[in-house]
Amino acid sequence: MSSTLAVDVMGGDHGPDVVLPACAQFLRQHPDSRLLLVGQTQPMAPLLQSLRLAGDARVQVVAASEVVASDDPVEVALRRKRDSSMRRAIELVRDGQAQACVSAGNTGALMAVARYLLKTLHDIERPAIATYLPNQKGQGTLMLDLGANVDCEPLHLLQFAVMGTAFAAAGGHAQPTVGLLNIGEEVIKGNDTIKRAAELLRQADAQGRLRFYGNVEGNDIFKGTTDIVVCDGFVGNVALKTSEGLAQMLTGMIREEFTRTPLTRLAALLSMPVLRRFRSRVDPRRYNGAALLGLRGLVVKSHGSADAFAFEQALLRAHEAAQGEVVRHIEGILQAMHPPSPDQFVPAPAA
């Protein structure tokens with residue numbers, strides 16, 4: 001199925017050098033889709049020619065004269081750089097010309113600009129950052145929030161579960177299960193916020209709005225105990241960075257041990273097929289692409305240092321979310337959970 005994605009070509013550490021090759025590969029895999037490439041036309045032109053994207057009917061270049069730098073304060077991105085590639089890409093989503101925006105730019109700026117231009121959905125108080133982490137089952141565990149909201153109320157955690165359910169369903173998880181991250185599985189564990197959030201989630205489960213598994217612990221993220229894990233942004237960001245650091249440490253230690261002696265080098269050669277499969281399973285590039293959920297439009301954040309393969313995964317996340325109509329499904333679940341009261345209906349005037 002097709003999709004139309006607005007791509008911030010200038011965002012991230014590498015800009016067009018990474019983004020455009022990823023776009024070319026994405027179009028090879030999804031020939032019915034369209035890409036609106038937003039950025040400074042002069043730096044983009046040579047690569048567009050070499051990648052045979054120039055003149056491609058599926059590609060439209062949208063000029064933007066400014067770039068949001070990785071160290072730009074939010075205020076600069078929001079108020080001063082009004083013709084940035086990031087802002088123009090989000091405007092295309094707001095104006096209905098694209099179904100989703102993908103950017104590797106400054107996370108804080110992207111969230112601020114997206115929230116300002118797109119606004120939040122009705123009944124959503126705070127947008128959340130959601131992405132997949134690898135698990136033993138091979139499908140990935142969707143986790144949110146990963147840093148947008150340091151302090152959360154019970155209602156926010158319920159809303160994260162609703163948004164995560166819609167996003168996971170768009171990615172192919174039929175009736176995804178939700179786990180609430182806690183310091184133990186028992187109902188009595190956790191602080192007052194977690195206990196109250198669990199009550200709200202159980203109520204939503206009883207109403208058939210989502211499937212609440214119960215409390216989960218940190219190791220359940222990587223076991224794949226539930227399809228979705230919900231937490232506040234402080235805990236989520238710590239868990240994310242810890243898992244990334246652990247993966248890098250283990251990869252480095254394995255490499256170090258296999259290169260220690262001639263015998264271990266030989267063992268590494270014999271083990272190469274296994275090592276390659278292991279590296280592929282824990283490769284963080286495969287899980288690149290964090291969705292900013294809760295907005296009136298789709299925005300996907302790629303890691304700033306992503307290579308072409310990783311950025312292509314972010315494009316794929318945006319494509320899946322667009323095809324799955326994530327925003328519409330979130331709205332549907334919220335409306336079902338909070339139906340309008342009778343006094344909100346105004347009787348039609350008599351004929």
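Residue numbers run from 1 in the order of the sequence given.
- Ring pair Phe26/His319 is perpendicular by interplanar angle, where above 60° counts as perpendicular and below 30° as parallel.
- At most 12 heavy atoms of other shown residues, nucleotides or ligands fall within 6.0 angstrom of atom CG in Asp192.
- Cys23 and Leu37 make their closest contact through SG-CD2, 3.8 Å (heavy atoms, listed as atom of the first residue, atom of the second, distance).
- Minimum heavy-atom separation, Leu295 to Leu121: O-CG, 3.5 Å.
- Ala114 and Leu292 get closest at one heavy-atom pair: CB-CD2, 4.4 Å.
- When atom types are taken as modelled, the side chain of Gln97 and the backbone of Leu92 share no donor-acceptor pair closer than 3.5 angstrom.
- The backbone N or O of Ala77 sits nowhere less than 3.5 Å from a side-chain atom of Arg80 that would complete a donor-acceptor pair.
- Contact of the Thr264 side chain with the Glu257 side chain is not registered, since no non-hydrogen atoms from C-beta on lie closer than 4.5 Å.
- Ion pairing between Glu256 and Arg260 holds under the 4.0 Å rule for side-chain N and carboxylate O.
- Within 6.0 Å of atom CD in Gln207, more than 12 heavy atoms from other residues, nucleotides or ligands are found, so the atom counts as buried in its surroundings.
- Heavy-atom neighbours of Met253 CE from other residues, nucleotides or ligands within 6.0 Å: at or below the threshold of 12.
- With Asn106 contributing its side chain and Ala109 its backbone, the two residues share a donor-acceptor pair below 3.5 Å.
- Looking at Arg58, its side chain never comes within 3.5 Å of a backbone N or O of Leu35 through a donor-acceptor pair.
- Partners of Pro134 according to the side-chain contact (heavy atoms from CB on, under 4.5 Å) rule, which considers only residues two or more places apart in sequence or in another chain, are Tyr287.
- Connection of Ile129 to Val229 is established within a shared hydrophobic cluster, with ILVMFWY side chains joined at heavy-atom distances below 4.5 Å, either directly or through further cluster members.
- Although no hydrogens or angles enter the test, the distance criterion places a donor-acceptor pair under 3.5 Å between the side chain of Gln40 and the main chain of Ser65.
- At distances below 3.5 Å, at least one donor-acceptor pair connects side-chain atoms of Asn149 with backbone N or O atoms of Pro127.
- By the 4.5 Å heavy-atom criterion applied to side chains, Val7 and Val38 are not counted as neighbours.
- Side-chain atoms of Asn288 come within 3.5 Å of backbone N or O of His303 as a donor-acceptor pair.
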Problem set entry | Working for side-chain hydrogen bond (donor to acceptor under 3.5 Å, both in side chains), residues His156 and Glu125 | CA-CA 7 Å; His156 301 147; Glu125 295 186 10; 2.8 Å; yes

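- Using a cutoff of 4.0 Å between basic side-chain nitrogens and carboxylate oxygens, Arg196 and Glu199 are scored as salt-bridged.
- Residue Arg79 qualifies as enclosed at atom CZ: its count of foreign heavy atoms under 6.0 Å is above 12.
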